[in-house]
Amino acid sequence: MIAQNILKIKQELGENVDLVVVSKYRNLKDIQTVYDSGIRNFAENRVQPLLDRTIALPSDIQWHIIGHLQTNKVKYIVPFIHLIQSVDSLKLMTEINFQAKKHNRIIDCLLQIYIAQEDTKFGFTQEELLTHIENGDFNSFENINIKGLMGMASNTENKEQIESEFKGLSAFFNELKNQPFFKNKTDFSILSMGMSSDYSIAIASGSNMVRIGSLIFE
Ligand SMILES: *Cc1c(COP(=O)(O)O)cnc(C)c1O
C-alpha cells in the first residue's frame with residue numbers, strides 16, 4: 001500500500017515539486033518502507049521524536065522540522081537538521097544563528113507565514129515580515145540561509161478559501177523573490193505548501209514542496 005501511495009502521489013507532483021514525507025506518529029517499520037521506496041526527505045513536528053528517529057533510521061535521511069520549535073530545543077537539532085520549515089520569530093532565528101555558528105554550519109530555513117483564518121497557527125504575518133526586512137532585522141544572521149516560505153491553509157472544506165490562501169502566499173513569495181535582500185543574500189527558491197487534504201490545490205497555486213503524511217501511511 002505505502003509504496004503504491006507514494007508512486008501515485010509522485011506521478012501527480014511531477015518533477016518540479018518536491019515530496020517531503022511527514023512521519024510524525026508513524027511506526028519505524030512503516031517509515032522504513034517509505035525509505036525503501038526511495039524517499040530521503042522526512043519531516044517531524046517535534047524535537048524528541050525526531051531525535052529518537054535519527055538514531056533508529058538510516059543516516060542518509062534528510063530531516064525537516066515542520067512544527068513550532070522552542071528556542072531551548074534548537075541546540076539538539078542544529079548539528080544535523082536539513083531544513084527548518086517552521087521559523088516563526090526573530091527570537092528563534094537569533095538562537096538558530098547562534099547555535100549554527102557554534103557548530104560551524106549554515107542552516108537552511110523557511111519562514112513560516114500565517115495565512116489561515118484560525119488563531120491556532122504560528123507564523124509571521126506578511127506585514128511583519130516586510131517590516132523585518134525594511135528594518136534590516138535579518139541582516140546579521142550569517143549562519144542562516146533563508147530558502148523560502150512555508151504556509152498552512154485553514155483546516156476547512158471550503159476549497160475556494162484554501163485556494164485563495166495559497167494563491168496569496170504564492171504571490172507574496174514571488175514578490176519577495178525580487179526583493180533585494182532575498183535576491184542578493186539568500187538562496188530563495190522554496191515555497192512549501194500543501195498537505196494530504198489540500199496538496200492538489202497547493203501545486204496548482206504554485207507550491208514546489210509538499211508535506212504529506214496521512215495519504216501515504218493510511
Ligand atoms: C502533520 C503536518 C503535515 C502533514 O499532514 P497530513 O495531513 O498527515 O498530510 C504537513 N505539515 C505540517 C506543518 C504538519 O504538522
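We use all heavy atoms of the structure for the numbers below, so side chains are in, but hydrogens, waters and symmetry mates are not. First listed ligand is number 1; within each ligand, the first listed atom is number 1.
- The existence of a salt bridge linking Lys91 and Glu95 is excluded, since no basic side-chain nitrogen approaches an acidic carboxylate oxygen closer than 4.0 Å.
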Atom pairs, nitrogen or oxygen, ligand 1 to protein, under 3.5 angstrom:
{"from": "ligand 1", "atom 1": "7 (O)", "to": "Ser214", "atom 2": "OG", "distance (Å)": "3.1"}
{"from": "ligand 1", "atom 1": "8 (O)", "to": "Ser214", "atom 2": "N", "distance (Å)": "2.8"}
{"from": "ligand 1", "atom 1": "8 (O)", "to": "Ser214", "atom 2": "OG", "distance (Å)": "2.6"}
{"from": "ligand 1", "atom 1": "9 (O)", "to": "Ser196", "atom 2": "N", "distance (Å)": "3.0"}
{"from": "ligand 1", "atom 1": "9 (O)", "to": "Ser196", "atom 2": "OG", "distance (Å)": "2.5"}
{"from": "ligand 1", "atom 1": "9 (O)", "to": "Gly213", "atom 2": "N", "distance (Å)": "2.8"}
{"from": "ligand 1", "atom 1": "11 (N)", "to": "Arg211", "atom 2": "NE", "distance (Å)": "2.9"}
{"from": "ligand 1", "atom 1": "11 (N)", "to": "Arg211", "atom 2": "NH2", "distance (Å)": "3.4"}
{"from": "ligand 1", "atom 1": "15 (O)", "to": "Lys24", "atom 2": "NZ", "distance (Å)": "2.8"}

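- When side chains are defined from C-beta on, Val74 does not count as touching Phe98, because their heavy atoms never get closer than 4.5 Å.
- Between Glu218 and Arg26, at least one side-chain N (NZ, or NE/NH1/NH2) sits under 4.0 Å from a carboxylate O, which counts as a salt bridge.
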Decide side-chain hydrogen bond (donor to acceptor under 3.5 Å, both in side chains) for Asn174 and Lys177; before the verdict, give the C-alpha distance in whole Å, the side-chain angles of both, and the deciding distance to 0.1 Å.
-> CA-CA 5 Å; Asn174 287 322; Lys177 259 201 305 211; 3.2 Å; yes
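- We find the CD-CD distance between Glu134 and Gln179 to be 8.5 Å, quoted to the nearest 0.5 Å.
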So Val87 and Met93, side-chain contact (heavy atoms from CB on, under 4.5 Å) or not? Walk me through it.
-> CA-CA 7 Å; Val87 172; Met93 292 177 87; 3.3 Å; yes
